[in-house]
There are 2 protein chains.
Amino acid sequence: MPKTLKPTRDAVEVLHRRFYEGKPARLKNLEEARANEEIARKIHELRAAAALTQTQLARLIGTTASVICRLEDADYEGHSLAMLRRIAGALNQRVEIRFIPIRRSA
Amino acid sequence: MPKTLKPTRDAVEVLHRRFYEGKPARLKNLEEARANEEIARKIHELRAAAALTQTQLARLIGTTASVICRLEDADYEGHSLAMLRRIAGALNQRVEIRFIPIRRSA
DNA sequence: CAGTTTATTCGCAATATTGCGAAAGCGCAA
DNA sequence: TTGCGCTTTCGCAATATTGCGAATAAACTG
């Protein structure tokens, strides 16, 4: 195989292996854990700011208190956009999503 | 029933009916449609900026091209936080989520 | 202390999202 | 035209999230 033929695919796979194997994978897990924790905290803060109980917020979005409690659990990993929007909507907020570049340590 | 007993629950339900019935409900759908469209566009832009094909990006996050295509479809309504993070991670980005107050028209 | 409200945890059914291949459409260059 | 790469669409199985009640814990009130 000539070394200049279709380098893109190989490069992509090399990038893939670099990113998902080794340290970055572990860092990624930590980042996600922090992100989930932050979402849980934001939901709790939003609800507290609105002076609502879990049961009341649950009614607003058509679910039950146990669901709200789960969302506010820092260890919960199942946050969905749909649920965040329901909560935001009930509390007169909107969910903004942004992709922000990560600077890799040189 | 005395009119001052447990007003909170009723108030919450009134708020609920006001918000989810009538105009706001329709507005909410429009807002969601726009939001989904925006997410689809962002994913496409991010992938284009990285000069990757759908198949290449799919490999990066361990899925197939048809899945990426679905995510970039403006009419797709199933966007999940998990998937956004996978894409962001593969492209050296992080997903930021913010709740932003909506000012209701007076 | 008892009584009340709120919050948490668990299990399982219902719903939603993802995974994946196959087929077809599209654009472009030979 | 054909071939090739890229994209789009479809259907269904696999996985993930949600819904919900019940039981318990925790916090607060009288």
Side-chain angles (χ1 to χ4, degrees), chain A residues 5-13 16 20 29 32-33 35-37 39-41 43-90 95 97, chain B residues 5-13 16 20 29 32-33 35-37 39-41 43-90 95 97:
Chain A
L5 189 59
K6 291 187 184 176
T8 313
R9 179 165 302 175
D10 289 345
V12 166
E13 293 191 0
H16 174 237
Y20 276 98
N29 288 340
E32 274 191 23
N36 285 328
E37 186 182 327
I39 290 176
R41 189 169 41 75
I43 292 175
H44 180 80
E45 286 175 0
L46 225 52
R47 179 175 64 84
L52 295 175
T53 66
Q54 291 179 339
T55 301
Q56 288 171 337
L57 176 56
R59 276 167 187 257
L60 279 179
I61 66 173
T63 184
T64 59
S66 62
V67 171
I68 303 297
C69 181
R70 186 164 51 195
L71 297 177
E72 294 183 358
D73 179 357
D75 293 335
Y76 182 60
E77 296 180 351
H79 292 291
S80 77
L81 213 40
M83 185 58 89
L84 294 184
R85 281 177 180 160
R86 285 165 67 186
I87 291 180
V95 176
I97 289 158
Chain B
L5 190 60
K6 291 187 182 175
T8 314
R9 180 164 303 176
D10 288 343
V12 166
E13 293 190 359
H16 174 237
Y20 277 98
N29 288 340
E32 275 192 22
N36 286 327
E37 186 181 329
I39 291 177
R41 189 168 41 76
I43 293 176
H44 180 80
E45 286 175 1
L46 225 53
R47 179 175 65 83
L52 296 173
T53 67
Q54 290 178 341
T55 301
Q56 287 171 337
L57 177 56
R59 277 169 187 255
L60 279 179
I61 66 174
T63 185
T64 59
S66 61
V67 171
I68 302 298
C69 180
R70 186 164 48 195
L71 297 178
E72 294 183 359
D73 179 358
D75 293 334
Y76 182 60
E77 297 181 350
H79 292 291
S80 76
L81 215 40
M83 184 57 89
L84 294 184
R85 281 176 180 160
R86 284 166 67 187
I87 292 180
V95 176
I97 289 158

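So you know, we letter chains A, B, ... as the sequences are listed, proteins then strands, and number each from 1.
In this entry the distance linking NE2 of B:H79 with C1' of C:dT18 reads 13 Å, nearest Å. Put simply, CZ on B:R59 is 13 Å from C1' on D:dG5, counting in whole angstrom units.
Checking C:dG21, D:dA22, D:dT17 against every side-chain atom of A:Y76, the shortest atom distance belongs to D:dT17. Candidate nucleotides C:dT17, C:dC20, D:dT7 were compared by shortest atom distance to the side chain of B:S80, and C:dT17 ranks first.
Judged by distance alone with a 3.5 Å cut-off, a donor-acceptor contact links the side chain of B:S66 to the base of C:dG21.
When all heavy atoms of A:A35 and B:R85 are compared, the pair lying nearest together is CB-NH2, 3.5 Å. Closest of all the heavy-atom pairs between B:A58 and B:A65 is CB-N, 3.6 Å.
Backbone-only contact: A:T63 has heavy atoms under 4.0 Å from sugar-phosphate atoms and none from a base. Within the 4.0 angstrom heavy-atom criterion, base atoms lie near A:T64.
When each of B:G78 and A:A65 is assigned the nucleotide of DNA chain C bearing its nearest heavy atom, the one mapping closer to the 5' terminus is A:A65.
Within the 4.5 Å cutoff, the side chain of A:R86 has heavy atoms near those of the A:T63 side chain.
Taking the screw axis at each terminus of the helix from C:dC1-D:dG30 to C:dA30-D:dT1 from five consecutive base pairs, the angle between the two is 40° to within rounding of 10 degrees.
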